[in-house]
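The structure appears right after this line, and notes come after that.
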Protein chains: 4
Amino acid sequence: MSAESPPNPRPRSGPRRDEAARLAVLHAADDLLAENGFGALTIEAIARRAGVAKQTIYRWWPSKVEILIDTLIEDSGKQLPIPAGEPTVASIRAYLRDFADFLSTDPAGKVLLVLLAQAQHDEATAESFHKRYLGPRREAELDMMVRGITGGGISPRVDPEVALDTLLGPLVYRALIGAAIPASLVDALVDEVLGASA
Amino acid sequence: MSAESPPNPRPRSGPRRDEAARLAVLHAADDLLAENGFGALTIEAIARRAGVAKQTIYRWWPSKVEILIDTLIEDSGKQLPIPAGEPTVASIRAYLRDFADFLSTDPAGKVLLVLLAQAQHDEATAESFHKRYLGPRREAELDMMVRGITGGGISPRVDPEVALDTLLGPLVYRALIGAAIPASLVDALVDEVLGASA
Amino acid sequence: MSAESPPNPRPRSGPRRDEAARLAVLHAADDLLAENGFGALTIEAIARRAGVAKQTIYRWWPSKVEILIDTLIEDSGKQLPIPAGEPTVASIRAYLRDFADFLSTDPAGKVLLVLLAQAQHDEATAESFHKRYLGPRREAELDMMVRGITGGGISPRVDPEVALDTLLGPLVYRALIGAAIPASLVDALVDEVLGASA
Amino acid sequence: MSAESPPNPRPRSGPRRDEAARLAVLHAADDLLAENGFGALTIEAIARRAGVAKQTIYRWWPSKVEILIDTLIEDSGKQLPIPAGEPTVASIRAYLRDFADFLSTDPAGKVLLVLLAQAQHDEATAESFHKRYLGPRREAELDMMVRGITGGGISPRVDPEVALDTLLGPLVYRALIGAAIPASLVDALVDEVLGASA
DNA sequence: TTGTAAGCGAGACGGTACGTCCGGTCTTCAT
DNA sequence: ATGAAGACCGGACGTACCGTCTCGCTTACAA
């Protein structure tokens with residue numbers, strides 16, 4: 001399914017996977033999405049752009065959606081790390097601001113929105129996207145909230161699930177309807193949900 | 001563009017638009033979407049299911065997205081009326097509960113999500129969906145909030161735009177990720193944004 | 001299967017088959033075969049050359065072989081008519097000379113050889129080629145022989161089947177191995193099989 | 001080109017050609033041809049069936065046609081020896097009967113027909129097939145005819161070239177069109193060409 | 001005895017063509 | 001003029017093989 005999970009890592013003979021081809025595909029997919037939108041993102045176009053044979057794509061990815069999930073996992077891991085350690089209101093606010101910028105500005109944010117969209121159209125996308133990206137990320141965010149509450153940085157009143165929905169939902173919603181996400185919105189949400197910044 | 005706007009209502013010779021065909025197309029689109037998802041929703045399939053020629057569809061709708069917008073406008077107008085008159089916290093709470101049910105249960109709610117999704121893939125969809133559905137609806141909702149504030153039912157502190165994003169965002173977000181929308185979430189949001197239910 | 005057999009000739013609405021496209025396909029196939037051989041005769045190449053969509057070919061022909069059979073039927077009907085009326089040794093000799101030239105010189109003769117070849121590779125080709133071309137032609141040739149014997153122009157001693165194999169076999173064989181077919185060979189065969197030219 | 005001609009027999013290190021693999025390839029090719037026809041005879045299928053790597057095939061044969069020529073040379077050498085010594089009408093008749101059986105019954109006869117067919121499609125096949133099989137065989141058959149004439153067993157009137165075409169052509173032709181080859185046809189041909197059996 | 005130069009199974013790679021599906025345009029006929 | 005039917009061009013789909021290549025293993029001669 002993904003480049004990240006070779007299920008049997010026993011040594012084989014023969015040529016190994018061509019890392020250059022893998023990267024070329026990921027970048028080609030990213031670029032095409034950014035330039036022409038999901039509608040123009042065909043396997044043939046990716047192959048053409050990446051200078052790669054179609055079969056090389058089909059050999060490693062079951063669908064173009066999995067390619068996008070791969071790029072999203074790599075990119076959001078790098079550009080949108082979830083605060084580690086014991087988070088404070090301030091660090092969560094910073095995380096949410098980054099998240100808002102990611103959604104409205106970063107090409108990888110476009111990938112997230114597109115995948116969320118495609119999950120509405122296609123059950124297979126929904127399942128894979130949740131299993132490989134949304135689920136783990138949600139887990140990590142919940143864990144962050146719990147650490148914050150346990151550590152005392154965040155009020156123990158808030159339910160972590162509700163808090164996450166309330167914080168993230170409006171940001172994602174505005175991104176989906178193509179509206180900007182002002183920093184003031186993030187601040188208002190944080191103040192309301194996690195307690196006033198006082 | 002849509003069935004609702006015959007620009008020249010002058011009497012003409014020859015047969016007028018076949019209302020039965022129009023409804024057959026709308027229902028066929030709805031049914032196919034509900035049964036097999038957006039991926040199976042092709043113009044050819046709609047024509048087949050509706051017992052109508054492809055050209056009849058293209059004559060009246062520029063794309064399958066416009067068909068869905070037509071059905072959504074009709075359905076959400078009926079099943080999700082925006083509170084008229086001078087709204088109270090209670091009536092807004094009721095509206096939001098209906099909205100949550102619409103999103104998670106009603107086939108027409110599926111249409112809304114699908115259109116929101118398709119708007120991420122296709123600029124033309126985004127434009128039309130905003131102009132014909134999202135924009136007017138947002139206007140009406142804003143108007144409702146303003147009426148509530150002016151009338152005194154709602155605290156004048158809340159910014160209507162922020163309030164709407166904060167109320168609707170989490171509901172839409174949970175619907176998009178396939179999660180249920182508990183009534184308690186709606187209540188928590190209303191309490192937080194519009195003041196305690198007191 | 002072929003352009004020649006519309007099984008239900010009831011009047012229909014809608015556009016009829018595009019004769020220009022049909023001819024473009026037949027000529028493109030002929031030309032490509034003559035220029036680059038059967039190996040280069042792909043459906044995609046025919047479509048490209050004919051300026052026609054692939055689907056237009058698949059709509060009317062189940063395989064490239066049927067295209068070639070169509071061209072062969074048209075061409076050999078025109079350029080290689082079987083002597084009508086009451087044939088004489090002389091008219092049969094003339095027919096065989098024409099046949100020899102057809103095989104060694106005419107592009108349509110190349111089509112015949114290629115189909116005979118492809119029939120060795122593919123059972124479906126064999127069946128269709130026999131049913132649509134070889135069989136009817138053999139029948140007509142047998143009929144010609146019988147008319148000659150009945151009419152007295154040909155010795156009643158000869159078995160028509162054996163005579164045909166003996167006359168045609170060597171010509172086809174030499175064509176297949178790429179050897180020229182001297183007129184003297186035709187004459188020798190005719191003399192031997194149908195009696196001296198006396 | 002073929003297994004039979006290692007051009008530089010200088011001593012080398014390393015393992016020599018694997019005879020088992022060579023035979024596995026030849027048999028796999030034969031079997032696949034017999035079972036599924038030339039259309040199913042792909043290098044990949046041969047490799048699969050023979051339990052051999054593709055590269056092992058490409059190392060020793062430039063094309064699948066050469067594999068078939070190798071099998072044909074081995075098989076027809078064994079099962080269809082050309083009469084040695086001073087041939088008589090009777091021994092030639094026997095040879096032709098064997099040839100007819102070979103064409104219509106023997107799997108190796110199928111190989112001959114398939115190669116003759118493929119030579120129509122592909123110039124390279126034609127050249128190799130003539131140089132490696134048809135040419136030498138024709139030479140040997142001509143030599144046989146000449147020995148028969150010189151030795152007095154065959155009438156000096158007959159032109160050996162014409163005689164061969166007349167004798168072999170009808171047999172090959174009937175095999176190609178999928179018709180049986182009755183012994184009576186062979187007899188009739190021999191009688192006519194080489195003089196009555198009287 | 002050990003280096004080294006093949007042969008070998010395995011299979012990834014850039015390609016081409018396959019036959020199918022659908023998009024959007026068009027043409028024809030009947031109403 | 002409209003609607004049903006459907007032919008048409010275009011182009012992406014996912015698959016099968018092509019012929020080339022690289023890998024790591026295994027021989028078996030030559031030093």
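What you see is a predicted model, and the numbers here were worked out from it, not measured in a lab.
To the nearest 0.5 Å, atom CG of residue A/Leu72 and atom CD1 of residue A/Ile67 are 13.5 Å apart.
F/dC25 atom C1' lies 16 Å from atom CD of D/Gln55, rounded to whole Å. Here F/dC8 presents its C1' atom at 13 Å from CH2 of C/Trp61, a figure rounded to the nearest Å. For the pair B/Glu44 CD and F/dG10 C1', the interatomic distance rounds to 14 Å; values are reported in whole Å. Rounded to whole Å, atom P of E/dG9 lies 7 Å from atom CG of D/Asp18. Rounded to whole angstrom, the span from the NZ atom of D/Lys54 across to the P atom of F/dC18 amounts to 7 Å. One can place OH of A/Tyr58 at 22 Å from P of E/dG11, the figure rounded to the nearest angstrom. D/Arg17 has its CZ atom 10 Å from the P atom of E/dG7, to the nearest Å. For A/Arg48 and E/dG15, the CZ to P distance is 12 Å, given to the nearest whole Å.
The residue among A/Thr42 and C/Gly14 whose nearest nucleotide of DNA chain F is located toward the 5' end is C/Gly14. Along DNA chain F, the nucleotide nearest C/Ala50 and the nucleotide nearest A/Pro15 are compared for position; the residue whose nucleotide lies closer to the 5' end is C/Ala50.
The cationic group of C/Arg17 lies under 6.0 Å from the six-membered ring centre of C/Trp60 and within 45° of the ring axis, placing it in a cation-pi geometry.
Between B/Trp60 and F/dT2 there is no side-chain polar atom (N or O) within less than 4.0 angstrom of OP1 or OP2. For A/Arg16 and F/dG24, the shortest distance from a side-chain N or O to OP1 or OP2 is below 4.0 Å. Side-chain nitrogen and oxygen atoms of B/Thr56 include none within less than 4.0 Å of the OP1 or OP2 phosphate oxygen of F/dG3.
Scanning for side chain to side chain contact (heavy atoms under 4.5 Å, CB included) contacts around B/Glu35 gives B/Asp31, B/Arg49, with sequence neighbours left out.
For the helix from E/dT1-F/dA31 to E/dT31-F/dA1, the axis fitted to the five pairs at one end and the axis fitted to the five pairs at the other end meet at an angle of 10° (nearest 10 degrees).
In the set F/dG24, F/dC9, E/dG23, F/dC9 carries the atom at the smallest distance from any side-chain atom of C/Val52.
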